[in-house]
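Positions are given from 1 along the sequence.
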Amino acid sequence: MNPPHATPPAPPATPAQALRQAQTLGLARIDAQMLLLHCLGRSRHDRAWLIAHDDDPLPAPAAAAYAALCRRRAAGEPVAYLTGHKAFHGLDLAVDARVLDPRPDTETLVDWALECAHALPQPRIADLGTGSGAIALALQAALPAARLLATDASAAALQVAQANARRLALPVRFAQARWLVGVRGPFDLIVSNPPYIAADDPHLAQLTHEPLSALASGADGLDDIRTIAAQAPHCLTPGGWLLLEHGWNQGEAVRGLLHAHGFAQVQTRRDLAGQERCSGGLWMG
Ligand code: GLN
């Protein structure tokens, strides 16, 4: 007979028990709450409901589904893939393993882009490597008159982004392209959250569920940023901005690249954790 610890725990009987079980697996409380609400068919805004009903009986199918999702979460799958959804800049995006799980850090890039674009009556904007479409869709939602083009090298990613655009009824245009190759400008603004993790960064070992092509970029993580910084001047209108997300320790290198390619007013923004997260520059023509 198996020793007792080898037997998976019985599916939880109540929300309180469910959250306690997740804790013993090492899950963050917020992740467990999101998974439980998902299995109960409730909105992710219903965390107060869970507290108010913490001793209610859980339906057996929901409890079993929840226990399975908790195990997958404990093995590293992002909550967004398990629930199929991610909130980003006020939008509800459908996401799955074909695209990077959108990070709250990237909202810094969106806010900066909105500052650059808000004074223009009909800004022309490109989002390169759009993944789920997060950045392009957030910009289009905030700037209804803007003309957004979102590109990705991955056809599978573009399917996810296009489905999000349709569901949210946002008129973003999409094109399969490697950065700006074959893309016709000019744009008033180019934004991108490209892959920027160094190929040998140990951090990648924790991100095995996401597409590697959306994460890693050469020996120093800067291969794609170098390509974009070189291509963007050919597609920006004079007075246009290029804004790039990058790793917390890459600000100086990215500012250097932007200077080297002739950008002016080169500067960096920090994310909510206070880390240097985006750098950008103005193209004077
Ligand atoms: N910010 C992500 C991380 O460090 C990486 C995203 C990216 O490479 N664009 O986990």
Side-chain angles (χ1 to χ4, degrees), residues 88-91 93-95 98-100 102-103 106-196 211 213-214 217 224-246 258 261 263 278-283 285:
F88 181 82
H89 213 270
L91 300 180
L93 298 172
V95 295
R98 290 174 289 176
V99 295
L100 186 84
R103 313 285 202 269
T106 304
E107 295 183 344
T108 303
L109 183 66
V110 172
D111 290 336
W112 191 2
L114 290 175
E115 286 173 38
C116 293
H118 88 278
L120 300 169
Q122 199 174 53
R124 296 159 296 182
I125 306 175
D127 171 26
L128 312 180
T130 196
S132 64
I135 298 170
L137 295 169
L139 292 175
Q140 186 75 79
L143 302 166
R147 283 182 287 169
L148 259 297
L149 173 70
T151 70
D152 207 289
S154 155
L158 284 174
Q159 283 173 1
V160 177
Q162 272 169 317
N164 275 319
R166 264 196 304 277
R167 206 170 39 82
L168 297 166
L170 291 167
V172 171
R173 287 186 307 120
F174 293 92
Q176 189 171 5
R178 202 155 168 75
W179 311 125
L180 285 161
V181 176
V183 173
R184 280 243 324 267
F187 299 100
D188 303 297
L189 175 60
I190 296 176
V191 295
S192 184
N193 172 19
Y196 52 69
S213 62
S217 186
D224 290 292
I225 288 180
R226 268 189 285 272
T227 302
I228 295 169
Q231 292 177 352
H234 304 287
C235 292
L236 279 168
T237 195
W241 282 88
L242 170 64
L243 307 182
L244 296 167
E245 182 173 323
H246 53 69
L258 291 170
H261 285 284
F263 285 88
C278 309
S279 293
L282 177 66
W283 181 249

Has the side chain of [X] got a donor or acceptor atom that lies under 3.5 Å from a matching backbone atom of [Y]?
X: Gln140; Y: Leu170; result: no
X: Asp188; Y: Ala117; result: no
X: His234; Y: Gln231; result: no
X: Asp152; Y: Thr130; result: yes

[X] versus [Y]: any side-chain heavy-atom pair under 4.5 Å?
X: Trp283; Y: Trp241; answer: no
X: Leu100; Y: Asn193; answer: yes
X: Leu244; Y: Ser279; answer: no
X: Leu137; Y: Leu148; answer: no
X: Ser132; Y: Asn164; answer: yes
X: Thr108; Y: Cys278; answer: yes
X: Asp127; Y: Leu139; answer: no
X: His89; Y: Leu114; answer: yes

Quick check for you: to the nearest 0.5 Å, what is the distance between Arg98 atom CZ and Ser154 atom OG?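 Output value for this atom pair is 8.5 Å.
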To check you understand the geometry: which heavy-atom pair defines the closest contact between [X] and [Y], and what is its length?
X: Leu149; Y: Ala175; answer: CD1-CB, 4.1 Å
X: Gly280; Y: Trp112; answer: N-CH2, 3.4 Å
X: Tyr196; Y: Glu245; answer: OH-OE2, 2.7 Å

Taking everything shown except Arg173 itself, do over 12 heavy atoms lie less than 6.0 Å from its CZ?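 12 or below, so no.
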